[in-house]
Amino acid sequence: MFGIVRALREKGILCINKRNADYILRFNPRRLYPLVDDKLRTKMLAIEHRIAVPELYGVVQVEGQVRGVGAILDRYPEFVIKPARGSGGEGIVVVSGQAHGKYRKLLLTRDELNHHLFNVLSGMYSLGGQPDNALIEYRVRFDPIFEGISYLGVPDVRIIVFLGIPVMSMVRLPTKSSDGKANLHQGAVGAGIDMATGTTLSGVWGNDIVTEHPDTGQPVEGVRIPHWDELLSLAGRCQEAVGLGYIGVDIVLDRDKGPLILELNARPGLNIQIANTSGLLWRLKCVESHFAELGSLAERIHFAKEQFGINSTACQSA
């Protein structure tokens, strides 16, 4: 067992115990967790810092508001309902249109949609089963660059940020088995991204390394992510806004509005290492060695692209 752990560390793989002890506990003050665990608070904080997010149409906070939610929904032909404290994509309903008093998500009736809202408020999808709020917001239409490598849902880009410096990234691509959700644990494909250029690498699907999307057959590698420098800058600004030292930033690319912050995570998963066929540990150590030298966000972005690109070896002995 200890031999396996030693071998993983020699390859720079960050294991969950080390992530928790050396990075999350050290750099993420627990008092700040509510800023990222509650999507409503995250959205309000982003708006305060002029960080682009999907437009908020309304918030359902108590059961008495459910019956009147139609007044909000009737103004928008498309929208998304999500639990404020949900995780793993659970409880999210995407409505792509309305017809004859029904909502186009396998044709939900108003009563069925109201029932879902009651479930959200009860805490069915929240962390720890605590009472929750339901957010009603703009439905993202993904950038055409993802047209051939996504099934139904909206892909997102996960960027790990440590001490203000983006260190690793991947794009999460919905599949049929993930029910159109960009969640690796539910069956989405995660494709690594070259930090220097924003170009996708090979992907991981379940336990398998893949080069093609399982549903469309289109290559998942070699795709140049639009607005790459802007995505890196947004990720860095999010870290500054919440004050947590080690976070995952999830960004969607809307075809009309460009990059939008979807949510933040104080305990980002480690599968991103598999998607990139590279370990996080040496990158994190490199950041600890150099972050004090980097004052501005522009300097931190330049450092990330220079040190953590696919062809860079500058920090690998850190």
Side-chain angles (χ1 to χ4, degrees), residues 12-14 140 142-150 153-162 164-175 178 182-184 188-205 208-213 216 218-239 246-254 258-265 268-284 286-287 297 300-316:
I13 301 299
L14 180 66
V140 174
F142 64 74
D143 190 288
I145 194 74
F146 299 119
E147 197 72 53
I149 52 173
S150 180
V154 178
D156 66 27
V157 175
R158 160 68 61 87
I159 301 178
I160 302 294
V161 185
F162 180 48
I165 300 173
V167 293
M168 189 173 282
S169 180
M170 67 175 170
V171 58
R172 299 185 294 191
L173 304 166
T175 65
S178 74
N183 188 290
L184 298 193
V189 170
I193 301 177
D194 179 2
M195 294 295 289
T197 66
T199 304
T200 59
L201 311 172
S202 60
V204 59
W205 185 42
D208 299 323
I209 300 295
V210 297
T211 58
E212 298 178 347
H213 191 281
T216 69
Q218 296 297 307
V220 298
E221 56 183 325
V223 177
R224 190 74 173 262
I225 305 295
H227 314 288
W228 182 239
D229 282 6
E230 186 178 351
L231 265 69
L232 295 178
S233 178
L234 276 173
R237 289 173 61 201
C238 285
Q239 191 275 328
Y246 182 84
I247 63 170
V249 179
D250 295 340
I251 306 173
V252 289
L253 284 170
D254 185 83
L260 303 171
I261 296 298
L262 198 60
E263 61 182 89
L264 309 179
N265 195 315
L270 298 171
N271 283 2
I272 194 169
Q273 299 175 107
I274 304 173
N276 281 273
T277 62
S278 177
L280 268 168
L281 190 56
W282 67 266
R283 300 190 190 196
L284 299 177
C286 179
V287 167
L297 177 58
R300 298 197 296 273
I301 299 305
H302 177 76
F303 178 85
K305 295 175 68 175
E306 184 178 68
Q307 300 295 334
F308 306 140
I310 192 68
N311 295 317
S312 175
T313 58
C315 266
Q316 293 197 35

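Reckoned from all heavy atoms, side chains included, excluding hydrogens, waters and symmetry mates. For clarity, every value in this text was computed on a predicted model and none was experimentally measured.
- Counting all heavy atoms, side chain and backbone alike, Pro268 lies closest to Ile160 at CB-CD1, 3.5 Å.
- Tested against Arg300 for a side-chain contact (heavy atoms from CB on, under 4.5 Å), the candidates Leu232, Val287, Ile165 yield a single pass: Ile165.
- Closest non-hydrogen pair, Pro259 versus His227, comes out as CG-CB, 3.9 Å.
- Contact of the Leu253 side chain with the Ile225 side chain is registered, since non-hydrogen atoms from C-beta on lie closer than 4.5 Å.
- The closest donor-acceptor contact from the side chain of Gln273 to the backbone of Leu280 lies under 3.5 Å.
- Of the possible polar contacts, none joining the Asn276 side chain to the Ser278 backbone as a donor-acceptor pair under 3.5 Å is found.
- Here the side chain of Ser169 pairs no donor or acceptor atom with the backbone of Ile193 at under 3.5 angstrom.
- Considering Asn183, Asp250, Asn271 as possible partners of Arg172, the one that fulfils the side-chain hydrogen bond (donor to acceptor under 3.5 Å, both in side chains) test is Asp250.
- Here the closest non-hydrogen pair linking Leu284 and Val167 is CD2-CG2, 4.1 Å.
- The two atoms that bring Val252 and Pro155 nearest to each other are CG1-O, 3.7 Å, heavy atoms only.
- Annotation: the span from Asp156 atom CG to Ile251 atom CD1 amounts to 9.0 Å, rounded to 0.5 Å.
- No donor-acceptor pair under 3.5 Å is formed between the side chain of Thr199 and the backbone N or O of Asp194.
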Test log, rule side-chain contact (heavy atoms from CB on, under 4.5 Å), inputs Glu147 and Phe142: CA-CA 8 Å; Glu147 197 72 53; Phe142 64 74; 4.2 Å; yes

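- Residues satisfying the ring pair (Phe, Tyr, Trp, His ring centres under 6.0 Å) criterion with Phe162, sequence neighbours excluded, are Tyr23, Phe27.
- Arg224 contributes a side-chain N or O that, together with a main-chain N or O of Thr197, makes up a donor-acceptor pair within less than 3.5 Å.
- Atom CG of Leu231 is separated from atom CG of Asp229 by 9.5 Å, given to the nearest 0.5 angstrom.
- Atoms OG1 and CD1, from Thr277 and Ile310 in turn, are 6.0 Å apart once rounded to the nearest 0.5 Å.
- Residue Leu184 holds its CG atom at 9.0 Å from CG of Leu173, rounded to the nearest 0.5 Å.
- The two atoms that bring Ala191 and Ala275 nearest to each other are C-CB, 4.2 Å, heavy atoms only.
- A distance of 5.5 Å separates CE in Met170 from CZ in Arg158, rounded to the nearest 0.5 Å.
- Panel note: side chain Ser233, backbone Gly236; no donor-acceptor pair is recorded below 3.5 Å.
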Between Arg237 and Leu297, does a side-chain contact (heavy atoms from CB on, under 4.5 Å) hold up when you go through it step by step? CA-CA 8 Å; Arg237 289 173 61 201; Leu297 177 58; 3.6 Å; yes

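- The CG atom of Leu234 sits 8.0 Å away from the CD1 atom of Ile159 when rounded to the nearest 0.5 Å.
- Shortest non-hydrogen contact noted between Cys238 and Ile261 is SG-CD1, 3.6 Å.
- No donor-acceptor pair closer than 3.5 Å links the side chain of Trp205 to the backbone N or O of Thr211.
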Evaluate side-chain contact (heavy atoms from CB on, under 4.5 Å) for Val171 paired with Val220, printing each intermediate quantity in order. CA-CA 10 Å; Val171 58; Val220 298; over 6 Å; no

